[in-house]
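Single-structure report; data block below.
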Amino acid sequence: MTPKPRILLVEDESGIADTLQYVLATDGFAPVWCSTAAEALRQFASEPPALVVLDVGLPDLNGFELFRRLQALPGCNQVPMLFLTARSDEIDRVVGLELGADDYIAKPFSPRELVARVRTILRRSARPTGAATSTAPTVITSLSTAAAAPIPIWLLDEERHQIRFYGRALELSRYEYGVLRLLVQKPGRVFTRDELLQKVWGDANDSFDRTVDAHIKTLRAKLKAVAPALEPIRTLRGTGYALNEELPAG
Ligand code: CA
């Protein structure tokens, strides 16, 4: 059995740290929690982890400074780092300074999202070319309604076959996901039932127009659960369906 990847978690808020340690451990990682930058530097020097999750706001040193100091340690450029940030001006700094961090995630975030990020980064950095550290940070939009930044109306994550509507992850069946993905990718574009059948169901021969309507119906119910007053999917009588482009901003 291969050892569990050690994840150094630098975060001063114990509530967040507890949650993250729990989800990381559940997902097969070995989290090591440090509440200060000094502790993180010590931990890192004694045994470099597989990845560092780094809070920007730390009591003794800010996350950017800690990042620089960690990078100066031997063997550090091999270790991917993921920033946790609470403010949009911090996000600007991560991107603008091109620190070479592998990623960042805005607070408040979903712990599952973070674990998924960690896994993706580790997979990416495991590639033999070793070019992982030069990749530009990926934007992860805040996922909670308490976020300072506006929440996107739709967020399509094709890698995870997931769609978020106003920040809420939808529990979709394979075909519901297929239909909504098409609509979301081309807002306003009208898809006929035949087109949807062909693109989503492929050559499944037991499907027919009513199949599409039935899935639209269940999709609408799921969207309604998130935003009861809105009609995100428009029906064009006799023709098909389209994504409503006039939804209010998140
Ligand atoms: Ca903090």
Side-chain angles (χ1 to χ4, degrees), residues 1-87 89-140 143:
M1 214 175 112
T2 50
K4 294 176 176 177
R6 276 175 82 241
I7 309 292
L8 197 60
L9 175 61
V10 195
E11 166 62 73
D12 58 315
E13 281 172 63
S14 59
I16 294 177
D18 282 351
T19 310
L20 292 183
Q21 286 190 95
Y22 176 77
V23 289
L24 284 167
T26 309
D27 256 68
F29 297 102
V32 178
W33 176 36
C34 307
S35 60
T36 63
E39 213 182 314
L41 284 161
R42 262 199 310 276
Q43 273 289 348
F44 195 100
S46 75
E47 193 189 343
L51 181 144
V52 184
V53 177
L54 201 54
D55 179 27
V56 173
L58 293 167
D60 53 342
L61 208 63
N62 82 48
F64 299 114
E65 187 50 39
L66 174 60
F67 177 81
R68 284 199 193 85
R69 294 200 194 174
L70 286 174
Q71 291 236 303
L73 295 173
C76 178
N77 51 10
Q78 307 298 324
V79 179
M81 304 210 183
L82 169 63
F83 276 111
L84 292 180
T85 157
R87 306 195 326 250
D89 57 320
E90 292 173 348
I91 296 175
D92 292 346
R93 271 192 83 188
V94 178
V95 179
L97 288 179
E98 292 174 4
L99 285 170
D102 283 81
D103 216 331
Y104 68 88
I105 190 157
K107 287 179 177 180
F109 53 86
S110 119
R112 291 267 139 231
E113 184 83 20
L114 180 120
V115 172
R117 278 290 130 192
V118 166
R119 219 184 290 119
T120 306
I121 295 168
L122 287 178
R123 210 186 302 128
R124 198 166 68 198
S125 60
R127 283 184 199 148
T129 50
T133 48
S134 62
T135 50
T138 314
V139 177
I140 299 300
L143 301 168

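Taking the side chain as every heavy atom from C-beta outward, Leu82 and Leu114 approach each other to under 4.5 Å. Counting only heavy atoms from C-beta outward, the side chains of Leu66 and Val10 approach each other to under 4.5 Å. Put simply, the side chain of Leu20 does not reach to within 4.5 Å of the side chain of Ile7, judged on heavy atoms.
Closest non-hydrogen pair, Leu122 versus Pro80, comes out as CD2-CG, 4.3 Å. Of all non-hydrogen atoms in Ala40 and Leu8, the two that sit nearest each other are O-CD2, 3.8 Å.
Under the side chain to side chain donor-acceptor pair (under 3.5 Å) criterion, Gln21 pairs with no residue, sequence neighbours left out. Here Glu65 pairs with Arg69 under the side chain to side chain donor-acceptor pair (under 3.5 Å) rule; sequence neighbours left out.
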Solution key, residues 41-59 side-chain donor-acceptor pairs under 3.5 Å, sequence neighbours excluded:
from, atom 1, to, atom 2, distance (Å)
Gln43, OE1, Arg6, NH2, 3.2
Ser46, OG, Gln43, O, 3.0
Asp55, OD1, Gly57, N, 3.4
Asp55, OD1, Lys107, NZ, 3.1

Listed pairs under 3.5 Å, donor-acceptor, residues 27-36 side chains, sequence neighbours left out:
from, atom 1, to, atom 2, distance (Å)
Asp27, OD1, Arg112, NH1, 2.9
Asp27, OD2, Arg119, NH2, 2.2
Trp33, NE1, Glu11, O, 2.7
Thr36, OG1, Glu39, N, 3.2

